[in-house]
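Worksheet for the structure shown next.
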Amino acid sequence: MLTSKERAELRALSNGIETTLMVGKGGVTDAVIAEAENQLTARELVKGKVLEGALMTPREVSDAICQATGAEGVAALGSKFVIYRFSEKCQQERNQVGRAKRKPTPVSKSNPVRKGAQARRIAAKAQREQRNQYFRQQAIERSIEKAREKQLRDSE
């Protein structure tokens, strides 16, 4: 079962692929299922189109093919549909290339907005500290000057 995030990612990936599976007026036949099976084994993600002569909707075609092949429906929009099934063959190819990503990559739990706000607070605090240090130094210098002036007045 795909999560909504996985489904969204697969939908995004399907935008770039060509439509390779056509379903005509015969509907979902054994030949269509066999072709879908071959394509799912070869590439995991398959985009199909239901022609106008077919008496089925893309959702019905997608569900029928998914039930027959063990795939999962990703999207059905207009006259097109997208199905997905994990393929060991594709996984082995990815492993050889060095792109094995079966496990989801860990997502950073840090919030970029919060990080920015924290960075601004830290910068403001450093600026305040610098300003306070300057004023402390000025106060110390003034008190030293006053003490000198007082000593000069007292010694006269």
Side-chain angles (χ1 to χ4, degrees), residues 1-23 35-50 56-156:
M1 189 72 169
L2 296 172
T3 65
S4 62
K5 286 185 180 183
E6 291 170 336
R7 189 172 287 113
E9 186 177 324
L10 290 172
R11 248 191 335 264
L13 288 174
S14 71
N15 287 333
I17 65 173
E18 294 293 319
T19 303
T20 55
L21 187 65
M22 302 288 182
V23 178
E35 183 61 27
E37 186 78 37
N38 290 339
Q39 289 185 18
L40 285 168
T41 304
R43 39 179 99 82
E44 288 185 341
L45 193 63
V46 176
K47 186 189 272 188
K49 181 176 182 177
V50 179
M56 299 175 79
T57 65
R59 174 69 65 192
E60 292 170 342
V61 171
S62 173
D63 291 343
I65 292 174
C66 288
Q67 188 175 19
T69 61
E72 294 195 47
V74 174
L77 185 64
S79 63
K80 297 188 178 181
F81 62 92
V82 179
I83 56 177
Y84 168 81
R85 183 181 70 191
F86 176 74
S87 171
E88 286 293 331
K89 179 181 174 186
C90 291
Q91 181 67 30
Q92 289 172 356
E93 290 173 5
R94 283 192 296 264
N95 287 344
Q96 290 175 353
V97 177
R99 292 180 27 204
K101 287 191 175 180
R102 182 64 178 138
K103 294 181 181 176
T105 57
V107 178
S108 175
K109 293 187 179 185
S110 64
N111 183 347
V113 174
R114 186 174 181 193
K115 269 189 173 180
Q118 286 176 339
R120 287 190 297 276
R121 274 195 299 269
I122 290 170
K125 184 177 180 182
Q127 191 176 17
R128 278 193 312 271
E129 289 294 324
Q130 186 178 10
R131 191 172 43 234
N132 289 342
Q133 185 178 4
Y134 171 78
F135 287 122
R136 275 190 215 109
Q137 189 65 34
Q138 292 296 319
I140 291 170
E141 289 174 8
R142 268 190 253 132
S143 66
I144 292 172
E145 279 182 42
K146 284 183 182 181
R148 283 185 190 153
E149 288 175 8
K150 189 176 181 182
Q151 273 183 343
L152 285 175
R153 272 188 265 139
D154 289 341
S155 65
E156 293 177 357

Pairs under 3.5 angstrom only: tabulate donor-acceptor contacts from the side chains of residues 42-50 to other protein residues two or more places apart or in another chain.
{"from": "Glu44", "atom 1": "OE1", "to": "Arg94", "atom 2": "NH1", "distance (Å)": "3.2"}
{"from": "Glu44", "atom 1": "OE2", "to": "Ser87", "atom 2": "N", "distance (Å)": "3.1"}
{"from": "Glu44", "atom 1": "OE2", "to": "Arg94", "atom 2": "NH2", "distance (Å)": "3.3"}
{"from": "Lys47", "atom 1": "NZ", "to": "Ser14", "atom 2": "O", "distance (Å)": "3.0"}
{"from": "Lys47", "atom 1": "NZ", "to": "Ile17", "atom 2": "O", "distance (Å)": "3.4"}

At what distance, to the nearest 0.5 angstrom, does [atom1] of [X] lie from [atom2] of [Y]?
| X | Y | atom1 | atom2 | value |
| --- | --- | --- | --- | --- |
| Leu10 | Ile83 | CG | CD1 | 12.0 Å |
| Phe86 | Leu2 | CZ | CG | 12.5 Å |
| Ser143 | Lys150 | OG | NZ | 12.0 Å |

Check your understanding: Under 3.5 Å, side chain of Ser62 to main-chain N/O of Pro58, donor-acceptor pair present?
Key ->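 No; zero donor-acceptor contacts below 3.5 Å.
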Practice item. Compare all side-chain heavy atoms of Leu21 with those of Glu35 and state whether any distance is below 4.5 angstrom. Key: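 Leu21 vs Glu35: side chains touch.
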Check your understanding: Under the salt bridge (Lys or Arg N to Asp or Glu O under 4.0 Å) rule, what pairs show up with a residue in residues 66-91, not counting sequence neighbours?
Key -> Glu37-Arg85
**Study point:** Heavy atoms of other groups near Gln118 CD, more than 12 under 6.0 Å
**Key:** yes
Review point. Can you name the nearest heavy-atom pair linking Thr19 to Met22, along with the distance?
Key: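 So the minimum-distance heavy-atom pair works out to CG2-CE, 4.0 Å.
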Would you list the atom pairs, donor with acceptor, under 3.5 Å between side chains in residues 129-136 and any protein atom, with sequence neighbours excluded?
{"from": "Asn132", "atom 1": "ND2", "to": "Arg128", "atom 2": "O", "distance (Å)": "3.4"}

